[in-house]
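A quick write-up on the structure given underneath.
Every number for a ligand or one of its atoms is a count from 1 in the order of the listing.
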Amino acid sequence: MNNQELQKIRADFPILQEKIYNKDLIYFDNGATTQKPRCVVEKIEEGYYYTNANIHRGVHFLSQKATEAHEAARSTVAEFIHAAKREEIVFTRGTTEAINLVASSFGYAFCKSGDEIIISVMEHHSNIVPWQMLCERKGLKLRVIPMNELGELDLDAYKLLLNQHTRLVSVAHVSNVLGTINPVKEIIEIAHKQNIPVLVDGAQAVPHIAVDVTELDADFYVFSAHKIYGPTGIGVLYGKEKLLNAMPPYQGGGEMISIVTFEKTTYNELPFKFEAGTPDYIGSTALAEALHYVQGIGIEKIAAHEHELLTYGTKRLMEIEGMRIIGTSKAKSSVISFLVGNIHPYDLGMLLDKLGIAVRTGHHCAQPLIDSLGMPGTVRASFAFYNSKEEIDTFITSLKRIVIMLS
Ligand code: PMP
């Protein structure tokens, strides 16, 4: 991406022109959430101002228009991740709710005492706790794939964990702490040899690399809109039709029913069976707008630019004495976790903030991973396509000053 293209993109994001403590904002916390282009916010405004009406049930003009926009958004999502059918796209509140939906519904229907769920050591809490809750409820065991010192999953250990009790494998496509891009296609292939379904947590993958759920042969794939330049409060569960059809509803209410009597209720067809209550039809259209925006730039171009930032940022960070980068996998997304000497990550983060630089510090909602590394946490800089090498230069200059001050 040349400088002119980059400046044009940055102009789409009003927040990037903001000053923080009178300094230009440098936003390197994209792993937590991404900023929104003007077109996404305008879509939300347009929805509430001009087409707002509850969907699916109305015969009137506005309701039909809002329904069409919501269902078109579902098709946009299906195309974006290459789902075979739009009915396989269920809107949720986000990645977390999507995983809870599967843990609850799949767990209820297909898991029994003595069964096992496999996750990995680098999972976000949202891909740990729902499974632990299922384990507690039904007497299952949680098994954990370890990793090597580079932050790559140990696939030999994974193969040994799989057995006749394994009911499901659930792993991150990209680690939000280490940046590791896991070989999910291979992980899925291995599990499928034993007819075990796989859920992929794509929260950190979808914004950065091309995802094709059909090519991966993923059974479930989940992500959040807010991490891909869309609004908060909406996300996606992709599930294979056959599995979703076999699973019971997650929540009961309007939309998800076919016929209700006090004696018995029959359920709606996919995807509505899993979408109880009024859905976030404004959020879905704004998510579709965000996906169109990303497509307008091109995910390959985004990946190439972010990879350049990753390589450049890594090289420049290594100039700092005592620098330790956590997560050095060969396949890596634009996330750099680090520590400098014995300086507490919180101190680094706080002082960077005073210079207008937003990074994240702490355990990044992956406490078991951070504990296994024996660290107090890390500082995490995570880049998006609107970040630049010049911002990295300012970040490095600032960090060098801070390190001298704290050493
Ligand atoms: N999984 C991963 C890998 C994440 O990075 C995150 C968000 N940090 C989540 C799941 C949870 O996403 P959300 O809070 O949007 O549900």
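- Under the 3.5 Å distance criterion, with hydrogens and angles disregarded, no donor-acceptor pair is assigned to the side chains of D212 and Y221.
- Judged purely by atom type and a 3.5 angstrom limit, T34 uses its side chain to pair as donor or acceptor with the backbone of H226.
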Walk me through it: do H82 and E215 pass the test side-chain hydrogen bond (donor to acceptor under 3.5 Å, both in side chains)? CA-CA 8 Å; H82 303 276; E215 202 247 337; over 6 Å; no

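- Ligand 1 is surrounded by T95, T96, H124, S126, N176, D201, A203, Q204, S224, H226, K227, each with at least one heavy atom closer than 4.0 Å.
- Exactly one of V184, I119, I118 qualifies for a side chain to side chain contact (heavy atoms under 4.5 Å, CB included) with V171. That residue is V184.
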Checking side-chain hydrogen bond (donor to acceptor under 3.5 Å, both in side chains) for the pair N148/E152: CA distance, chi angles, key distance, verdict? CA-CA 5 Å; N148 65 19; E152 297 166 338; 3.1 Å; yes

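- Around the NZ atom of K185, the shell of radius 6.0 Å holds more than 12 heavy atoms that belong to other residues, nucleotides or ligands.
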